[in-house]
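Before any comments, here is the structure.
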Amino acid sequence: MHAKTDSEVTSLAPSSPTRSPRRPAYYVQSPSRDSHDGEKTTTSFHSTPVLSPMGSPPHSHSSVGRHSRESSSSRFSGSLKPGSRKISPNDASTGGRKGQKQWKECDAIEEEGLLDDEERRKGLPRKCYFLAFVLGFFILFSFFSLILWGASKQQKPEITMKSVTFEQFRIQAGSDSTGVATDMISVNSTVRMTYRNKGTFFGVHVTSTPLDLSYSEITLASGSMKKFYQSRKSHRSVAISLISDKIPLYGSGAAFSSSTGTTTLPVPLKVNFVVRSKAYVLGKLVKPKFNKRIECDFTFDPKKLNVPISLQKACTYG
């Protein structure tokens with residue numbers, strides 16, 4: 001490049017256009033992202049003045065443009081924080097969209113968390129109410145069952161022994177299954193009693209153990225009571241047959257044996273058994289049981305065959 005002379009400079013000066021009035025500068029807002037905040041992204045904008053292309057004279061366009069670019073670049077770079085990068089306007093729009101997306105995702109997560117918390121708060125009371133209902137029902141039902149059981153236990157059945165009648169009481173000589181000679185006894189008798197159910201709101205099922213008619217330690221006859229059902233506030237008469245045939249007496253029968261086959265002496269006898277009653281007050285959940293042991297000691301008079309012998313004062317109930 002050759003240096004221009006003073007004449008050339010002088011000639012060029014008048015031809016240069018008149019410098020137009022300086023127009024106001026406009027600002028470009030560039031987003032910068034704070035990289036130090038890991039949870040939330042905050043977009044801040046820095047204003048950088050940019051000179052309008054029309055505000056510079058043509059002859060200084062390149063130098064002023066270069067100077068303005070350098071100054072704007074330096075200002076922009078100076079406005080950035082350490083560790084941040086330059087963001088172009090295109091990046092700003094992209095960053096804005098990303099920020100909005102991230103905010104939407106955060107909002108969705110928070111809403112899901114709130115919904116979960118609401119479900120937990122709603123679900124827990126429901127479980128508590130259900131457990132409280134079951135527990136309360138169980139307690140009330142148990143209390144009601146206990147009341148029924150206590151009330152039913154106070155209404156015990158009443159058993160009264162009436163009489164015993166001997167239709168046959170015969171003693172004869174014989175031998176046992178092994179061939180040993182001994183006296184043999186055959187008995188046919190009937191025991192009568194009255195069973196009364198005093199329950200006002202339940203019936204009872206009645207059974208008993210075998211009735212044993214014994215002399216000393218020897219069982220002379222036995223019988224069983226038939227099972228029956230007794231409705232509430234009712235009673236019945238029960239007859240039980242005690243039968244035996246050729247029961248060996250061994251040495252015990254020597255006291256009342258005779259040649260006629262019947263004894264002439266009074267014979268002390270005993271009847272004992274257990275009456276079992278069971279009530280189903282509330283199905284099988286409340287079923288009170290009543291067991292009564294009965295023992296009757298009486299004396300058989302051979303002269304009163306086929307005559308009822310009273311047992312009303314001869315029995316004990318346990």
Inset, instruction - Carefully, step by step, assess Lys233 and Thr200 under the rule side-chain contact (heavy atoms from CB on, under 4.5 Å). - result: CA-CA 6 Å; Lys233 299 181 69 176; Thr200 57; 4.0 Å; yes
Do [X] and [Y] share a hydrophobic cluster, counting only Ile, Leu, Val, Met, Phe, Trp and Tyr and linking them when any side-chain heavy atoms are less than 4.5 Å apart?
X: Ile240; Y: Val204; value: yes
X: Val191; Y: Val274; value: no
X: Tyr215; Y: Ile309; value: yes
X: Phe141; Y: Ile147; value: no

Verify, without hydrogens or angle tests, whether [X] (side chain) and [Y] (backbone) share a donor-acceptor contact under 3.5 angstrom.
X: Thr182; Y: Tyr250; result: yes
X: Thr209; Y: Phe273; result: no
X: Gln230; Y: Arg196; result: no
X: Thr190; Y: Ser241; result: no
X: Arg192; Y: Lys162; result: no
X: Arg236; Y: Tyr229; result: yes

Legend entry - Residue list, ring pair (Phe, Tyr, Trp, His ring centres under 6.0 Å) with His235, at least two apart or on another chain: none
Do [X] and [Y] have side chains that get closer than 4.5 Å, going by heavy atoms?
X: Asp183; Y: Gln172; answer: no
X: Arg276; Y: Phe290; answer: no
X: Asn197; Y: Phe202; answer: yes
X: Thr316; Y: Ile294; answer: no
X: Phe298; Y: Leu269; answer: yes
X: Val271; Y: Val164; answer: no
X: Leu285; Y: Trp149; answer: no
X: Pro288; Y: Val281; answer: yes

To the nearest 0.5 Å, how far apart are [atom1] in [X] and [atom2] in [Y]?
X: Leu211; Y: Ser224; atom1: CG; atom2: OG; answer: 7.5 Å
X: Leu282; Y: Phe201; atom1: CG; atom2: CZ; answer: 10.0 Å
X: Asp297; Y: Lys270; atom1: CG; atom2: NZ; answer: 5.0 Å
X: Ile185; Y: Leu249; atom1: CD1; atom2: CG; answer: 5.5 Å
X: Leu305; Y: Phe169; atom1: CG; atom2: CZ; answer: 10.0 Å
X: Met193; Y: Cys296; atom1: CE; atom2: SG; answer: 10.5 Å

Non-hydrogen atoms of [X] and [Y] that approach each other most closely:
X: Ser145; Y: Val286; answer: CB-CG2, 3.6 Å
X: Thr299; Y: Pro266; answer: CG2-CB, 3.5 Å
X: Met225; Y: Ser208; answer: CB-OG, 3.2 Å

Inset, instruction - Start with the C-alpha gap between Ser186 and Asp245, add the side-chain angles, then the distance that decides, and say whether side-chain hydrogen bond (donor to acceptor under 3.5 Å, both in side chains) holds. - result: CA-CA 4 Å; Ser186 299; Asp245 185 27; 3.2 Å; yes
Inset, instruction - List the steps and the verdict of side-chain contact (heavy atoms from CB on, under 4.5 Å) for Leu242 and Val187. - result: CA-CA 7 Å; Leu242 306 179; Val187 177; 5.9 Å; no
Legend entry - Set of side-chain hydrogen bond (donor to acceptor under 3.5 Å, both in side chains) partners for Thr178, sequence neighbours left out: Asp176
Inset, instruction - For side-chain contact (heavy atoms from CB on, under 4.5 Å), just list the numbers for Thr194 and Ser237, CA-CA rounded to whole Å, side-chain angles, deciding distance to a tenth of an Å, and then say yes or no. - result: CA-CA 4 Å; Thr194 301; Ser237 296; 4.2 Å; yes
Legend entry - Donor-acceptor pair between Tyr195 and Thr160 side chains, under 3.5 angstrom: no
Inset, instruction - Please step through side-chain hydrogen bond (donor to acceptor under 3.5 Å, both in side chains) for the pair Ser234 and Ser231, ending with a clear verdict. - result: CA-CA 6 Å; Ser234 63; Ser231 59; 3.1 Å; yes
More than 12 foreign heavy atoms under 6.0 Å from [atom1] of [X]: is that the case here?
X: Lys153; atom1: NZ; value: yes
X: Phe144; atom1: CZ; value: no
X: Lys292; atom1: NZ; value: yes

Legend entry - Within the 6.0 Å centroid threshold, strictly below: His205 and Phe228: no
Inset, instruction - In sequence, state the C-alpha distance, the side-chain angles, and the governing distance for Ser175 and Val180, and then conclude on side-chain contact (heavy atoms from CB on, under 4.5 Å). - result: CA-CA 5 Å; Ser175 60; Val180 177; 5.9 Å; no
